[in-house]
Amino acid sequence: MLKTLAATACAVLAIGGSASAAVITLDFEGLGNEVSINDFYDGNGGPDYDITFSPNALSIIDRDAGGTGNFANEPTPDTVMFFLQGDEATLNAPNGFEDGFSFFYSAINFTGSIDVYDGVDATGTLLASLDLPRTGRGPGDPQGDFAVFSPIGVPFEGTARSIDFGGTQNQIGFDNITFGSALPGSEGGVDPDIVDMPNIPDTTPIPVPASLPLLAGGLGAVFALRRRRG
Ligand SMILES: [Ca+2]
Ligand SMILES: [Ca+2]
Ligand SMILES: [Ca+2]
Ligand SMILES: [Ca+2]
């Protein structure tokens, strides 16, 4: 495979069998509010990257933009990924990808985790595992308790075919999942004001559950799965 210096410098990943090392970012824009992402990124409504998600992986739109999302300062407005069932949402890339990936996440009450596997559906060898500390709070845009999206990169060795995005349901959101670089936001750009917001130290007491803000504000208990429109 021919690789130019420029391509090597900014992206070293070939996904979907492509010889080009294009950077791919899943920003979840174009998806509806609280709908399954499923095969949106396998050409069903979105670009055909041969990437699919487990059925519990949902898109959610910021309440400030007409959705039910209790978040702010998402790196690409107004939609992020989250889940309301299970302990993780799984991304499958059966063609495999290498080197690393990056993303942004917001988790103000509970920590999260990332597991990378060389088989689909979180099977095979665990290639990388990463804890995600709680993110800080910040001003909304203008509303939203989950108001800091922290960038993070995940390098690994080998060929990955699935990623578990783990955490507590309705308590963690993800955006700008980017393949082709383990440098967060290196392609889409990172707002320094967002990056500079400090994370809460892990010793910070967790609020009592009755007062916990939910990512899907007020709708966590009455969630009903709907098919994506269009
Ligand atoms: Ca496809
Ligand atoms: Ca927003
Ligand atoms: Ca907001
Ligand atoms: Ca987005």
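Order of listing sets the numbers, starting from 1, for every ligand and every atom in it.
To the nearest 0.5 angstrom, F83 atom CZ is 9.5 Å from N170 atom CG. Between Q143 atom CD and F71 atom CZ the span is 11.5 Å, to the nearest 0.5 Å. Here the straight-line distance linking atom CG of D62 with atom CG of N70 works out to 8.5 Å at 0.5 Å rounding.
Checked against the 6.0 Å centroid threshold, F103 and F165 count as a close aromatic pair. Note: Y105 and F146 fail the aromatic proximity criterion, with ring centroids not under 6.0 Å apart.
Taking 3.0 Å as the criterion, N73 does not count as a coordinating residue of the Ca ion (ligand 3), since none of its N, O or S atoms falls below it. Inclusion of N176 in the first shell of the Ca ion (ligand 4) is not supported: no N, O or S atom falls under 3.0 Å. Among the backbone and side-chain atoms of E29, an N/O/S atom is found under 3.0 Å from the Ca ion (ligand 4). Backbone or side-chain N, O or S atoms of F71 reach the Ca ion (ligand 3) at under 3.0 Å. With a cut-off of 3.0 Å, the Ca ion (ligand 3) has an N, O or S atom of D62 in range. The distance from the Ca ion (ligand 3) to the nearest N/O/S atom of D64 is under 3.0 Å. With a cut-off of 3.0 Å, the Ca ion (ligand 4) has no N, O or S atom of E74 in range.
Using a 4.5 Å heavy-atom cutoff, the side chains of F174 and L91 are not in contact.
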>> Would T90 and D164 count as a side-chain hydrogen bond (donor to acceptor under 3.5 Å, both in side chains) here? Give the steps.
In response: CA-CA 5 Å; T90 305; D164 266 355; 2.6 Å; yes

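Nearest N, O or S atom of D141 to the Ca ion (ligand 3): atom OD1.
Around the Ca ion (ligand 4), the two atoms O of T79 and OG1 of T76 are separated by an angle of 170°, to 10 degrees. The O atom of D27, the Ca ion (ligand 4) and the OD1 atom of D175 define an angle of 70° (nearest 10 degrees).
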